[in-house]
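Comments concern the structure below.
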Amino acid sequence: MRVVVVGQGYVGLPLAIRAAEVGHEVIGYDVDSRRIKTLAAGESFVEDVSSERIRAALDNGSYRPSESARDCGGFDIAVVTVPTPLHEGTPDLRYIKESAVTLARYLRPGATVVLESTTYPGTTQELFAPILEDGSGLTAGSDFHLGYSPERIDPGNAVWGFKETPKVVAGVNEASLKAVQDFYAQLVDTTVPVSSPKEAELAKLLENTFRHVNIALVNEIAMFAHHLDIDVWQAIDAASTKPFGFMKFTPGPGVGGHCLPIDPSYLSWRVQRELGQSFRFVELANDINNHMPEYVARRISDLFNERRRSVNGSRILLLGLAYKKNTSDARESPALRISQLLLDMGAQVRAADPHVVESLPVDSRLVRVEPTPEELSAADVVVLLTDHDSFDYELVAEHAPFVLDCRRRLSAGPTIEVL
């Protein structure tokens with residue numbers, strides 16, 4: 001089949017390459033010309049998709065990246081994997097709308113359109129479908145198939161990749177569900193059908209809200225435990241020995257990526273708008289997790305105060321800019337906020353991250369460096385924010401004069417303090 005994947009980022013690219021590998025003719029459509037040029041050159045910017053896989057798909061003609069909307073024509077299946085950011089607390093669905101307008105021009109009877117972008121329940125049928133219908137003159141469910149299948153990409157996960165992770169699928173009617181399920185059954189080991197797109201949309205938000213709330217819980221416990229002089233990490237390890245009724249979550253400097261800082265707010269917004277009620281769990285979790293960078297900055301300031309020194313003028317080395325270990329994804333990363341807070345306090349801030357190679361929306365005063373013995377020794381404090389496996393932790397422990405470990409990657413010692 002001719003498959004169009006709209007959006008070639010962390011979600012769309014793995015899907016497009018997988019579809020090409022099973023034998024489909026795939027167009028990877030994206031309006032970002034730099035991204036398309038990179039992909040056309042056979043270079044990957046996503047850890048889960050190697051450059052070798054992209055080059056193989058390019059060489060055999062099964063995958064073609066394009067920034068031209070005309071190349072979307074003639075599709076049998078189109079999958080939309082575009083970002084859904086928040087704008088001043090309100091869902092920003094302009095990329096979904098623009099994708100629907102584009103696809104509607106090329107929509108033919110019998111074709112299938114699937115939305116994968118994370119969004120609030122009702123988007124597929126109440127927003128996405130009408131735009132497709134108005135632009136094509138066709139009716140969803142009778143003239144073309146329409147469905148929703150939430151993305152479950154976990155960057156850097158070596159066990160649960162795209163193929164291995166069960167895929168929730170839904171359609172606006174039985175025929176649409178069958179078309180959607182038949183497509184994904186070729187790409188993944190397991191599909192999980194649900195009765196309508198609304199249930200599938202809610203399932204995605206439920207998954208991320210669950211993680212968001214539990215991370216907020218352990219973050220708040222970690223702050224209290226520090227002031228009570230209790231080792232929260234040891235308590236978490238002890239609780240994790242219970243074989244039932246407990247799931248391990250660990251503290252950190254904040255949450256990042258698209259999923260946790262943004263997705264739960266989609267559900268909160270929908271509940272407020274439709275029911276006039278507050279989703280208190282999400283709002284409380286947002287408040288706790290959003291303020292973790294400030295807490296980390298305070299802990300760093302306390303370290304200097306205990307030594308009768310000032311953050312102002314001190315040299316601080318941050319290890320990690322990505323929001324998640326072993327990935328290059330720095331979207332909404334708490335490290336960016338922490339660096340800004342420290343710079344505003346007058347610190348000389350340097351940062352090392354071998355995975356994050358693209359330019360970031362950070363203060364120009366932030367200096368990118370390699371974590372050499374000289375850099376580690378020259379820092380007044382080293383702050384571990386992202387525990388990439390590529391960091392040499394023995395080197396850090398040997399040369400850093402003092403470390404604030406926000407991920408509990410280093411062994412405890414007189415020069416190492418854990419968040």
Minimum side-chain heavy-atom gap [X]-[Y] below 4.5 Å:
{"X": "Phe45", "Y": "Arg35", "answer": "yes"}
{"X": "Leu13", "Y": "Tyr63", "answer": "yes"}
{"X": "Pro65", "Y": "Gln8", "answer": "no"}
{"X": "Leu336", "Y": "Leu366", "answer": "no"}
{"X": "Leu15", "Y": "Val3", "answer": "no"}
{"X": "Leu146", "Y": "Phe128", "answer": "yes"}
{"X": "Ser62", "Y": "His24", "answer": "no"}
{"X": "Thr250", "Y": "Val218", "answer": "no"}

Could you check whether any side-chain N or O of [X] sits under 3.5 Å from a backbone N or O of [Y], counting only pairs where one atom can act as donor and the other as acceptor?
{"X": "Arg407", "Y": "Leu384", "answer": "no"}
{"X": "Ser333", "Y": "Leu321", "answer": "yes"}
{"X": "Thr386", "Y": "His388", "answer": "no"}
{"X": "Asp329", "Y": "Lys324", "answer": "no"}
{"X": "Thr38", "Y": "Arg34", "answer": "yes"}
{"X": "Tyr10", "Y": "Asp154", "answer": "no"}
{"X": "Asp405", "Y": "Leu410", "answer": "yes"}
{"X": "Arg365", "Y": "Val349", "answer": "no"}
{"X": "Lys248", "Y": "Ile236", "answer": "no"}
{"X": "Trp160", "Y": "Pro166", "answer": "no"}

Inset, instruction - Apply salt bridge (Lys or Arg N to Asp or Glu O under 4.0 Å) to the pair Glu126 and Arg270, showing each step before the final yes or no. - result: CA-CA 13 Å; Glu126 299 167 15; Arg270 182 66 164 177; 3.0 Å; yes

- Item | Stepwise side chain to side chain contact (heavy atoms under 4.5 Å, CB included) check, Val188 with Phe162 | CA-CA 7 Å; Val188 300; Phe162 179 85; 3.8 Å; yes

Spacing of [X] atom [atom1] and [Y] atom [atom2] [to the nearest 0.5 Å]:
{"X": "Arg55", "Y": "Leu58", "atom1": "CZ", "atom2": "CG", "value": "9.0 Å"}
{"X": "Ser195", "Y": "Glu174", "atom1": "OG", "atom2": "CD", "value": "9.5 Å"}
{"X": "Thr123", "Y": "Lys97", "atom1": "OG1", "atom2": "NZ", "value": "10.0 Å"}
{"X": "Ile27", "Y": "Arg70", "atom1": "CD1", "atom2": "CZ", "value": "12.5 Å"}
{"X": "Thr165", "Y": "Arg152", "atom1": "OG1", "atom2": "CZ", "value": "8.0 Å"}
{"X": "Ser68", "Y": "Tyr29", "atom1": "OG", "atom2": "OH", "value": "7.5 Å"}

Around atom [atom1] of [X], are there more than 12 heavy atoms of other residues, nucleotides or ligands at under 6.0 Å?
{"X": "Lys198", "atom1": "NZ", "value": "no"}
{"X": "Glu52", "atom1": "CD", "value": "yes"}
{"X": "Phe402", "atom1": "CZ", "value": "yes"}

For [X] and [Y], does a side-chain donor sit closer than 3.5 Å to a side-chain acceptor?
{"X": "Ser328", "Y": "Glu47", "result": "yes"}
{"X": "Tyr148", "Y": "Ser176", "result": "no"}
{"X": "Gln186", "Y": "Asp182", "result": "no"}
{"X": "Thr124", "Y": "Glu201", "result": "yes"}
{"X": "Arg299", "Y": "Tyr295", "result": "yes"}

Would you call [X] and [Y] a salt bridge, using N to O less than 4.0 angstrom?
{"X": "Asp189", "Y": "Lys167", "result": "no"}
{"X": "Asp287", "Y": "Arg280", "result": "no"}
{"X": "Lys204", "Y": "Glu151", "result": "yes"}

Shortest non-hydrogen separation from [X] to [Y] and the atoms involved:
{"X": "Ile36", "Y": "Gly28", "answer": "CD1-O, 3.7 Å"}
{"X": "Met247", "Y": "Phe210", "answer": "SD-CE2, 3.7 Å"}
{"X": "His227", "Y": "Met223", "answer": "CD2-O, 3.1 Å"}
{"X": "Arg18", "Y": "Leu187", "answer": "NE-O, 2.8 Å"}
{"X": "Val382", "Y": "Val396", "answer": "CG1-CG1, 4.5 Å"}
{"X": "Val114", "Y": "Tyr184", "answer": "CG1-OH, 3.6 Å"}

**Prompt:** Between Ser265 and Asn286, does a side chain to side chain donor-acceptor pair (under 3.5 Å) hold up when you go through it step by step?
**Reply:** CA-CA 8 Å; Ser265 295; Asn286 284 341; 3.2 Å; yes

**Q.** Candidate pair Arg2 and Asp71, rule salt bridge (Lys or Arg N to Asp or Glu O under 4.0 Å), full reasoning
**A.** CA-CA 11 Å; Arg2 182 175 175 85; Asp71 287 329; 5.2 Å; no

Report task. For Leu103 and Phe75, run side chain to side chain contact (heavy atoms under 4.5 Å, CB included): C-alpha distance rounded to whole Å, both residues' side-chain angles, the deciding distance at 0.1 Å, then the answer. Result -> CA-CA 9 Å; Leu103 293 175; Phe75 70 83; 4.1 Å; yes

Point to revise | Verdict with supporting geometry, Arg337 and Glu294, salt bridge (Lys or Arg N to Asp or Glu O under 4.0 Å) | key: CA-CA 8 Å; Arg337 175 62 179 158; Glu294 282 80 0; 3.0 Å; yes

- Query: Checking side chain to side chain contact (heavy atoms under 4.5 Å, CB included) for the pair Arg108/Tyr106: CA distance, chi angles, key distance, verdict?
  - Reply: CA-CA 6 Å; Arg108 302 177 301 171; Tyr106 305 103; over 6 Å; no

| said: Pair Leu202, Leu267 - check side chain to side chain contact (heavy atoms under 4.5 Å, CB included), show working. | reply: CA-CA 8 Å; Leu202 179 58; Leu267 185 55; 3.9 Å; yes

- Message: Parallel, tilted or perpendicular: which one describes the rings of Phe391 and Tyr393, with boundaries at 30° and 60°?
- Response: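 Phe391 vs Tyr393 ring planes: perpendicular.
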
